[in-house]
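All remarks here apply to the structure that follows.
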Amino acid sequence: MVYVSPTQVNVQVPWELQGVNGPVQMKVTLYEYEYGGLYTTQVADTAPSFFEITPGSEVAAIIGNTYQFVTPSTPAPRGSKVQIYANGLGPVNNQPASGALAPSGKTASTKATPTVTIGGATAVVSYCGMASGYPGLYEVDVTVPTGITAGAQGVSLTIAGQTATSTINVN
C-alpha cells in the first residue's frame, strides 16, 4: 500500500502480475479483517499515467532545473532538463521486490523505451525508470525541445503502445 485515507486506498500492483493483461480480483484486509468483498480490476504491463500537481488539474507533476514544480509562474525553459513523474510504465531492469522502495541511483530503468513529445516535438529521453527511494513511482528525465512555442504545451508519453497526455508550461 502506498496511500490510505477513509475514501481511497492506493496500492502498487505486484511485479508478480507481469504478463497478466486482463481482470484480476483483489480484497482489502486490515488486521485480519476483510473490508468489503472481492473487487475486480483490469491490469496490464503498461498503463501510463502522469502524476498531476493537483489531482484533476491535467497539469503534469514535472520538476524543472530549479527543483520546483513546473507551473505557469515557474515554466521550464526550452532546452532545459526536466523530471516527469508517472506510474504504469511497466517492467524494469534491476526490479525491486513488490512493495519495496526503488534502488538508489537510476538503476531500475524500464525495459521498454518511451517516446515523449512536448508541444508536438520529440523530447530527448535520458532516463526512464523507477524514482529512487519510492515504491511504484516512475521518473522520466527529458530535455524540453527548443523549437516549440512558449506557454502551456501538451506533453505525451508513449510506452509499449500505450499513451498518456497532460500539460507542461514552457518559456
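Just so it is clear, the model here is predicted, and its values are computed rather than measured. By convention here, the first residue in the shown sequence is residue 1.
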Side-chain donor/acceptor of [X] to backbone N/O of [Y], under 3.5 Å:
{"X": "R78", "Y": "N171", "value": "yes"}
{"X": "T110", "Y": "G90", "value": "no"}
{"X": "Q12", "Y": "G99", "value": "yes"}
{"X": "T115", "Y": "T158", "value": "no"}
{"X": "N21", "Y": "D45", "value": "yes"}

Atom pair [atom1] ([X]) and [atom2] ([Y]), whose distance is rounded to the nearest 0.5 Å:
{"X": "Y67", "Y": "Q83", "atom1": "OH", "atom2": "CD", "value": "7.0 Å"}
{"X": "L157", "Y": "F50", "atom1": "CG", "atom2": "CZ", "value": "5.0 Å"}
{"X": "Y39", "Y": "Q25", "atom1": "OH", "atom2": "CD", "value": "12.0 Å"}

Should [X] and [Y] count as side-chain neighbours, where that means a heavy-atom distance under 4.5 Å?
{"X": "E139", "Y": "Y85", "answer": "yes"}
{"X": "I84", "Y": "V142", "answer": "yes"}
{"X": "I63", "Y": "F69", "answer": "yes"}
{"X": "K106", "Y": "D141", "answer": "yes"}
{"X": "L89", "Y": "P114", "answer": "no"}

Next on the checklist: If we count only N and O atoms by modelled type, under 3.5 Å, do the side chains of S166 and E52 hold a donor and an acceptor together?
Outcome noted: no
Next on the checklist: Could you check whether T117 and S156, counting side-chain N and O atoms only, form a donor-acceptor pair closer than 3.5 Å?
Outcome noted: yes
